[in-house]
Q: 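Below: one structure in C-alpha cells.
Keep in mind it's a predicted model, so treat the numbers as computed, not measured.
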Number of protein chains: 2
Amino acid sequence: MSSMAIKKSSAPAATAARMPAAQRRDLILAAATELFAQRGYHGTTTDQIAQAAGISQPYVVRMFGTKEQLFLEVLDRALQTLFVAFRAALPDPGDGSKLTQRLGTAFVDLVGSVGLHRTLLHAFVSGNDPVIGAAARKGFVGIYTFLRDEAHFEPVDVQQFLGYGMLMSVLLGIELPSTFGTDADADELMNVAFGDKCGVVLAVAGPDAA
Amino acid sequence: MSSMAIKKSSAPAATAARMPAAQRRDLILAAATELFAQRGYHGTTTDQIAQAAGISQPYVVRMFGTKEQLFLEVLDRALQTLFVAFRAALPDPGDGSKLTQRLGTAFVDLVGSVGLHRTLLHAFVSGNDPVIGAAARKGFVGIYTFLRDEAHFEPVDVQQFLGYGMLMSVLLGIELPSTFGTDADADELMNVAFGDKCGVVLAVAGPDAA
DNA sequence: AATTGTTGTAATCGGATGATTACTAGACCG
DNA sequence: CGGTCTAGTAATCATCCGATTACAACAATT
C-alpha cells in the first residue's frame, strides 16, 4: 500500500504533454509575442519563451531555427492580424460613422490581441538591424499603402492617423495604463490620448490586469 | 640595427590620450546616446560604447557604476536637451507663427542632436523595466505637463502634437530616411509625414549621412 | 510486434558580456 | 625629488544565452 502512495500520476512531468507541432507552434508564438512586447527582441531570451510555452528551450530553437526567425514570424503574424482588423473596418455599416473613426477604433480594440502594439513598436525601433529593420520598414510602408490605396485617406488623414497610432503604442509601451490612479497628471494624459476608449485600454493594460 | 627597426614612436598607443574626467564623461555620453539610439539598451554593449569613446570597457563601467546608470544619465540628458529646445521656442517672435508650429519645428530640428529621438523612443518602449520604465514614464508625463502648463495647449493640440512627435520618432527609429530613393511608397510616406521638413531630416538621417 | 516518424528533453558547448581587481603611467604639488 | 592623486588599461571572473548534439518516449503504420 505504502509503495503505492506514489503513483505515476504524481510523478513530476519531466516532459510536456504531447501536442501536434502546429498547435505547439501557435502556443510558442503567442508566448513570444507577449514577451517580446514586454522586453523587446534583445531583452527576451528563448528560455523565457520556452517556459511561458511550457516546453524546453532547445525545442523553441529547433522549431524556428533561430531566435531571429521566431521574431520575424511574430512580427508577420502581428501585421497580418492588424490588416485583418483594418479590412474588417473598411465597409460602411450605414450608421453615420466616418472611416477614420472606424479604423481608429479597430486599432484601439486590438489591445485585445495581447502584445500586438508593443511588439510592432519594438520592431519599429529596430531599423538598425539589417534583417528585422528591413521587415519592419516593409511592414510600416505596407500600412501606409493600405491607408492610401484601400482606405483612400488624404495625406493629412494619414499623418493624423499614424500619429495617433504611434502615440497609443508608445503609451502602451511605456506602460502608463498600469500606473493608473497613482498620478493625476498621468491619468489626465491617458484621458487626453485615449478619450472615451480609456476604459477598453485600462481593462486590458490597467493596474488590475494580471 | 635590425633591433632598432621598431622604435618607441611606432609602438601602438596602448593607452588613450589623457583627458579631464568631466570631458571624457561627455564623450562617453555622446557615444552612448548614438549607440543606444541605434541598438537600444539591451542591444548595446558597454564595450561598443567604450570603443566609440576611444577608451577601454572597464573605464566606462567604473565611470558610471553600471550600464543601467549610464542609460539613465543618457535619458536624462536627452530630456534636458528637449526641454531646453522647447522652452526656447515658447516666446512669440512676432512673426505670424503659431506656437504649435514653433514647437513642432523645434522638435524636428532636434535631429541635429544625434540619437535624441531614438534614444527617447527606446526608453519609451521599456515600460516593463522597473527602473528605466519608471524614468521613462516620468519623462513622458513631464512632456505632457510642459505642453499643458507652459505651452498652454488644449487637449486636442496635445494629442496631435504628441502623435506627430511619436510618428516622427518611429520613422527615425525604423530608419526610413536611410532608404530614401529606393522605394517610391516609402519616399511618399516620408513626404506625408515630414512635409517641408523632409530636407532637414534627410540631411542628418538620409542615405548619404555617414 | 517491429519499424518508423514525431514530440520532446538533458547535457553541454562556445561565445558574449557586465563587472571586478589589480596594476601602470602621467600630472600635480609641496 | 618624492609623494599623492587622477586617468587609464590588462587580465580575468562569473554568468548568461543561443545553439547543437544525442537521446528518450510516444504514436502510427504495416
Q: Have a look at A:D185 and tell me which of B:K138, B:R148, B:R137 forms a salt bridge (charged side-chain N to carboxylate O under 4.0 Å, His left out) with it.
A: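 Result for salt bridge (charged side-chain N to carboxylate O under 4.0 Å, His left out) with A:D185: B:R148.
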Q: For B:H42 and A:A17, take the nucleotide of DNA chain C holding the closest heavy atom to each; which residue's nucleotide lies nearer the 5' end?
A: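 The residue whose closest nucleotide sits nearer the 5' end is A:A17.
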Q: Among the nucleotides D:dG18, D:dC26, C:dT9, which one has an atom lying closest to any side-chain atom of A:K67?
A: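 Side chain of A:K67 sits closest to D:dG18.
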Q: Enumerate the residues from residues 51-62 of chain B whose closest heavy atom to DNA chain D is under 4.0 Å, giving them by residue number; use none for an empty result.
A: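 Going residue by residue through residues 51-62 of chain B, the ones with a heavy atom under 4.0 Å of DNA chain D turn out to be B:I55, B:S56, B:P58, B:Y59, B:R62.
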Q: Rounded to the nearest 0.5 Å, what separates atom CZ in A:F146 from atom CG in A:L90?
A: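 If we round to the nearest 0.5 Å, A:F146:CZ and A:L90:CG are 4.0 Å apart.
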Q: In whole angstrom, what separates A:F71's CZ from D:dC17's C1'?
A: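 Result: 18 Å.
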Q: Verify the contact: side-chain N or O of B:T46 to OP1 or OP2 of C:dG18, cut-off strictly under 4.0 Å; return yes or no.
A: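 Yes, such a contact exists.
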Q: Answer yes or no: is there a donor N or O on one side and an acceptor on the other, between the side chain of B:Q69 and the main chain of B:T66, under 3.5 Å?
A: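 Flag not set: sc B:Q69 to bb B:T66 has no pair under 3.5 Å.
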Q: Would you mind reading off the distance between B:R39 atom CZ and C:dA16 atom P, rounded to a whole angstrom?
A: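 Value for this atom pair: 14 Å.
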Q: Could you check whether any side-chain N or O of A:R102 sits under 3.5 Å from a backbone N or O of A:A89, counting only pairs where one atom can act as donor and the other as acceptor?
A: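 Yes; at least one donor-acceptor contact below 3.5 Å.
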Q: Between A:T44 and A:L35, is there a donor-acceptor pair closer than 3.5 Å when you use the side chain of the first and the backbone of the second?
A: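 At least one qualifying donor-acceptor pair exists.
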Q: Among A:E34, A:Q38, A:E175, exactly one meets side chain to side chain donor-acceptor pair (under 3.5 Å) together with A:R118. Which residue is that?
A: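 Testing each of A:E34, A:Q38, A:E175 against A:R118, the sole residue satisfying side chain to side chain donor-acceptor pair (under 3.5 Å) is A:E175.
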Q: Rounded to the nearest Å, what distance is computed from the CD atom of residue B:E68 to the P atom of nucleotide C:dA19?
A: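 In whole Å, C:dA19 P and B:E68 CD are 9 Å from each other.
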Q: What's the closest nucleotide to the side chain of B:R18 if the choices are D:dA7, C:dT6, D:dG18?
A: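 So the side chain of B:R18 is nearest to D:dA7.
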Q: What's the CG-C1' distance between A:L27 and C:dT7, to the nearest Å?
A: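 Between C1' of C:dT7 and CG of A:L27: 14 Å.
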Q: Check whether B:D187 reaches the backbone of B:G181 with its side chain - one donor and one acceptor, N or O, closer than 3.5 Å.
A: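 Here the side-chain-to-backbone pair exists.
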Q: Rounded off to whole Å, could you give me the CE-to-P distance for the A:M63 and D:dT20 pair?
A: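 Distance, rounded to whole Å: 16 Å.
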Q: In whole Å, I'd like the distance from the CG atom of B:D47 to the P atom of C:dG15.
A: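 My rounded result for the distance is 17 Å.
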Q: Considering only side-chain heavy atoms of A:T66, which listed nucleotide, D:dA19, C:dT7, C:dT17, is closest?
A: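 Out of D:dA19, C:dT7, C:dT17, the nucleotide with an atom closest to A:T66's side chain is D:dA19.
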Q: Think A:R24 has a side-chain N or O under 4.0 angstrom from the OP1 or OP2 of C:dG8?
A: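 It does, given that an N or O in the side chain of A:R24 lies less than 4.0 Å from OP1 or OP2 of C:dG8.
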Q: Round to a whole Å and report the spacing from CZ of B:F64 to P of D:dG8.
A: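 Result: 12 Å.
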Q: Expressed as a whole number of angstroms, how long is the span from A:I49:CD1 to D:dA19:P?
A: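 Atom CD1 in A:I49 sits about 11 Å away from atom P in D:dA19.
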